[in-house]
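A short write-up of the structure that comes next.
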Amino acid sequence: MELDLQPLRLPSDSERPFVIAGPCSAETEEQVMTTARELAMKGCHNFRAGAWKPRTKPGGFEGNGEKALPWLQQVKRETGMLVSTEVATPEHVELALKYGIDILWIGARTSANPFAVQALADALRGVDVPVFVKNPVNPDLELWIGALERINQAGVRRLGAIHRGFSSYDKKIYRNLPMWQIPIELRRRIPELPIICDPSHIGGRRELIAPLCQQAMDLGFDGLIVESHCDPDHAWSDAKQQVTPDVLDYIISLLVIRDEQVTTEGIQQLRKQIDELDNQIMDILAKRMRVCREIGQYKKEHNMTVLQSSRYNEILSKRGAQGALCGMSSDFVARVFENIHEESVRQQIEIINK
């Protein structure tokens, strides 16, 4: 996958990761300026605030719209920070550019809709402004890449991605499931694309922001976009996931930034062991599938159904318990054997239908 990209080159401290910070919503001029001044004093270079806020249900605060954009202009004049906001319609793009907003981002609800993304792409055609695209609300890598391609094909070359997690009916720890494998695959497919993490929307709770920031750094993300508010407990939107500038500064100061370029002989040896073990896993899987095909032949000869639910449940139960004893997550083991079972069923169906 190739995109026509230029480096973003947005300001950041050499000793810290690239960070965009600011409140979820631009509520009042006083709230915006107070937060911006506090962040600037902590060394923040990039300020964010939502002028338009797409809410899940009607009746909530949906932003001040154009009224908030002069406040962002004032932040830029007074602090020197670059300013950014979310855009969801061509009108938003037009107004943001009119007021000199430096960085735009496309939200998860918008990136899930190719018609909406194309409308934004058309509005951005010929404009040289950095644009970040959040992952769609659903875990669909192709849809995310498609949104990035649409914006890039409009001529936007300073492009980045924001990982904000994926919506799930079954809420557990996180507001949005991280599903790190999806941004990792995006990095593999488009290695030159900057990817930043949104721990606020992934976690949904301020106590989760610090560990999520560190996890993003450990995985080699290029930066962070974090919601920070001068009085988060009284924020008009997403109060539980916002932190004060002081707390954000403390979180950032504790981050350990890994050097992905440094390799040693020791890790090379360990990687060789991984390769050898992977080869063994493939060999064992091939043997298992051969036995599954023999079972498929037996089922065909005796007119049996392919799916034997009791046997499947027994496998998941036993292997999950074994995984826990071996220090692995039972959920992880279940997913592995669900995939193995799916392939076994596919091969047996082929045999039965021959």
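Side-chain atoms are counted along with the backbone in the values below, which use heavy atoms only and exclude waters and symmetry mates.
- Under the 3.5 Å distance criterion, the side-chain polar atoms of Gln242 are left unmatched by any main-chain donor or acceptor of Ala235.
- Arg175 has its side chain out of reach of Arg205: every pair of non-hydrogen atoms, C-beta onward, lies at least 4.5 Å apart.
- In this structure, the side chains of Pro183 and Asn135 stay at 4.5 Å or more apart for every pair of heavy atoms.
- Residues Ile20 and Phe47 form no side-chain contact, since every pair of their non-hydrogen atoms from C-beta on lies 4.5 Å or further apart.
- Closest approach of Ala88 to Thr110, counting heavy atoms only: CB-OG1, 3.6 Å.
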Output, in order, the C-alpha distance, side-chain angles, deciding distance and verdict of salt bridge (Lys or Arg N to Asp or Glu O under 4.0 Å) for Asp222 and Arg187. CA-CA 11 Å; Asp222 297 287; Arg187 169 59 52 82; 2.6 Å; yes

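- In summary, the side chains of Glu86 and His92 do not present any donor paired with an acceptor at a separation below 3.5 Å, with no hydrogens or angles considered.
- Arg77 meets the salt bridge (Lys or Arg N to Asp or Glu O under 4.0 Å) test with no other residue; sequence neighbours excluded.
- Salt bridge annotation for Glu338-Arg335: absent, with no cationic side-chain nitrogen under 4.0 angstrom from a carboxylate oxygen.
- For Phe61, the side chain to side chain contact (heavy atoms under 4.5 Å, CB included) partners at least two apart in sequence or on another chain are Ser25, Glu27, Asn64, Trp236.
- Within the 4.5 Å cutoff, no side-chain heavy atoms of Leu72 are placed close to those of Tyr99.
- A search for salt bridge (Lys or Arg N to Asp or Glu O under 4.0 Å) contacts involving Glu314 returns Arg311, Lys318, not counting sequence neighbours.
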Determine, stepwise, if the pair Gln118 / Arg150 fulfils side-chain hydrogen bond (donor to acceptor under 3.5 Å, both in side chains). CA-CA 6 Å; Gln118 188 59 55; Arg150 289 177 187 276; 2.8 Å; yes

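- Below 30°, between 30° and 60°, or above 60°: for His163 and Phe166 the angle between ring planes is between 30° and 60°, a tilted geometry.
- The hydrophobic cluster containing Leu254, built from Ile/Leu/Val/Met/Phe/Trp/Tyr side-chain heavy atoms closer than 4.5 Å, also comprises Tyr250.
- Residues Val137 and Arg164 are in side-chain contact: their nearest non-hydrogen atoms beyond the backbone lie under 4.5 Å apart.
- Of the possible polar contacts, none joining the Ser168 side chain to the Leu177 backbone as a donor-acceptor pair under 3.5 Å is found.
- Asp246 has a carboxylate O that lies under 4.0 Å from a charged side-chain N of Lys42, or vice versa, which qualifies the two as a salt bridge.
- Partners of Lys76 under the side chain to side chain donor-acceptor pair (under 3.5 Å) rule, at least two apart in sequence or in another chain, are Asp102.
- Proximity of a side-chain donor or acceptor of Asn138 to a complementary backbone N or O of Asp140 within less than 3.5 Å is not detected.
- Residues His201 and Lys134 meet the side-chain proximity criterion, which asks for heavy atoms closer than 4.5 Å.
- Judged by distance alone, the side chains of Glu343 and Asn339 never bring a donor and an acceptor atom under 3.5 Å apart.
- If you chain together hydrophobic residues whose side chains sit under 4.5 Å apart, Ile182 and Leu3 fall into the same group.
- Scanning for side chain to side chain contact (heavy atoms under 4.5 Å, CB included) contacts around Ala119 gives Pro90, with sequence neighbours left out.
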